Number of protein chains: 2
Amino acid sequence: MTQNVYKSHDHHACIDSAVAEARRLCDEKGVRLTPVRQRVLELVWDNHKPVGAYDLLPKLAEEGFNSAPPTVYRALDFLLDLGLVHRINSLNAFIGCNHPGHSHPTCFFVCRECGMAQELDATPLNEIARQAEQQLGVRVEQQMTELMGLCPRCQKAS
Amino acid sequence: MTQNVYKSHDHHACIDSAVAEARRLCDEKGVRLTPVRQRVLELVWDNHKPVGAYDLLPKLAEEGFNSAPPTVYRALDFLLDLGLVHRINSLNAFIGCNHPGHSHPTCFFVCRECGMAQELDATPLNEIARQAEQQLGVRVEQQMTELMGLCPRCQKAS
DNA sequence: CATCAGAATGTAATATTATAACCTAAACTG
DNA sequence: CAGTTTAGGTTATAATATTACATTCTGATG
């Protein structure tokens with residue numbers, strides 16, 4: 001399943017593989033991973049904390065990219081559509097997805113102290129969707145779960 | 001479990017029981033259900049669609065209440081703390097809770113066409129939280145699931 | 001009852017997040 | 001290479017939320 005962000009790991013490898021995966025996916029779908037889209041993806045992957053759209057703007061500006069809100073929102077929308085990033089609604093922030101390409105129910109744990117996010121296996125959510133469909137007759141198209149609390153590190157620190 | 005909002009029902013009774021429940025809870029906790037707080041609660045319950053903070057402002061103004069953003073956000077924060085309303089993060093909107101008073105994992109289905117929200121039994125979420133706690137060592141304090149799709153009515157309409 | 005403390009509200013300003021609208025440039029397509 | 005689609009540039013503004021500080025109300029206590 002998803003990696004454990006609380007274990008130390010070679011984060012450059014995380015970023016590289018995210019970009020490689022993105023490139024593969026874009027080729028497959030015949031869409032373009034333009035420089036600004038790729039750079040936004042890399043910046044989102046910069047660490048395991050969800051990042052706000054407006055945090056990206058100055059970074060893009062530094063590097064000579066255009067940097068008005070529509071630029072970054074367009075790039076993020078593109079990446080969201082492909083499942084390369086997810087939006088954490090409770091934070092108005094974005095985080096890389098480590099198994100993009102197939103739409104899937106989404107589930108994150110976010111630490112209220114350090115802000116790091118850990119993607120979780122969302123399989124049990126399918127049960128909720130299935131029940132809702134059977135009992136209420138709704139049709140579920142998307143789902144997102146957000147857990148909040150303290151990560152192992154921040155528990156120790158307090 | 002939770003009521004089915006797609007079945008016709010006496011909605012005045014929904015509102016009345018929400019207010020009665022709020023009053024009981026406030027008495028129990030020794031906090032005050034002031035006029036503006038009660039009115040905000042009623043307005044949130046006005047129908048089964050999540051309502052934005054800024055939608056409430058003109059309604060409060062009409063009725064002679066003060067109506068600046070802090071007024072409505074304070075009232076909503078108060079109601080959120082007591083579990084009388086929930087916030088639907090994907091919509092930046094608020095909806096009444098029909099079993100307030102004990103903190104619980106929250107789960108809503110929201111129709112992308114009509115916007116109505118249906119609270120669901122979130123018990124299966126506990127499984128996700130339990131697994132995250134065991135496998136990752138995190139401590140889960142809050143959780144929220146949002147499902148999106150088409151409600152029975154809007155499926156027929158299309 | 002007078003006074004005091006804490007809770008609640010009033011008010012103005014501003015911060016943060018996101019989108020609209022319209023134009024220009026680049027890249028595929030036949 | 002002409003036409004079309006896709007992407008990006010630019011300006012302005014909409015929508016959501018908070019800060020900071022002044023004022024008023026409420027309930028407790030002497």
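If you're wondering where the values come from, they're calculated on a predicted model, not measured in any experiment. Sequence lines set the chain letters: A, B, ... in the order given, protein chains first and strands last, and positions in each chain run from 1.
Only Arg32(A), Tyr54(A), listed by number, bring a heavy atom of residues 29-55 of chain A to less than 4.0 angstrom from any atom of DNA chain C. Within residues 61-77 of chain B, the residues having any heavy atom closer than 4.0 Å to DNA chain C are, in order of number, Asn66(B), Ala68(B), Pro70(B), Thr71(B), Arg74(B).
Among pairs with a residue in residues 13-52 of chain A, those fulfilling ring pair (Phe, Tyr, Trp, His ring centres under 6.0 Å) read His9(A)-His48(A), His11(A)-His48(A), at least two apart in sequence or across chains. Counting only residues at least two apart or on different chains, no ring pair (Phe, Tyr, Trp, His ring centres under 6.0 Å) pair has a member in residues 111-148 of chain B. Among residue pairs with one or both ends in residues 91-106 of chain B, none qualify as salt bridge (charged side-chain N to carboxylate O under 4.0 Å, His left out); sequence neighbours excluded. Applying the salt bridge (charged side-chain N to carboxylate O under 4.0 Å, His left out) test to pairs two or more places apart or on separate chains, those with a residue in residues 130-144 of chain B are Arg112(A)-Glu141(B), Glu127(B)-Arg130(B).
Applying the under-4.5 Å side-chain rule to Ile, Leu, Val, Met, Phe, Trp and Tyr, the cluster around Leu150(A) consists of that residue alone.
Distance, Asn89(A) CG to dT17(C) P: 14 Å, rounded to whole Å. For the pair Asn92(A) CG and dT19(C) C1', the interatomic distance rounds to 14 Å; values are reported in whole Å. Rounded to an integer number of Å, the gap from CG of Leu80(B) to C1' of dT18(D) is 15 Å. Atom-to-atom, CG of Leu91(B) to P of dT17(C) comes out at 18 Å; the value is rounded to the nearest Å.
Nearest heavy atoms, Met148(A) versus Phe109(A): C-CE1, 3.8 Å.
In this view, Glu42(B) and Gln38(B), Arg39(B) satisfy the side chain to side chain donor-acceptor pair (under 3.5 Å) rule, not counting sequence neighbours. In this structure Ala75(B) satisfies the side-chain contact (heavy atoms from CB on, under 4.5 Å) test together with Arg37(B), Val40(B), sequence neighbours excluded.
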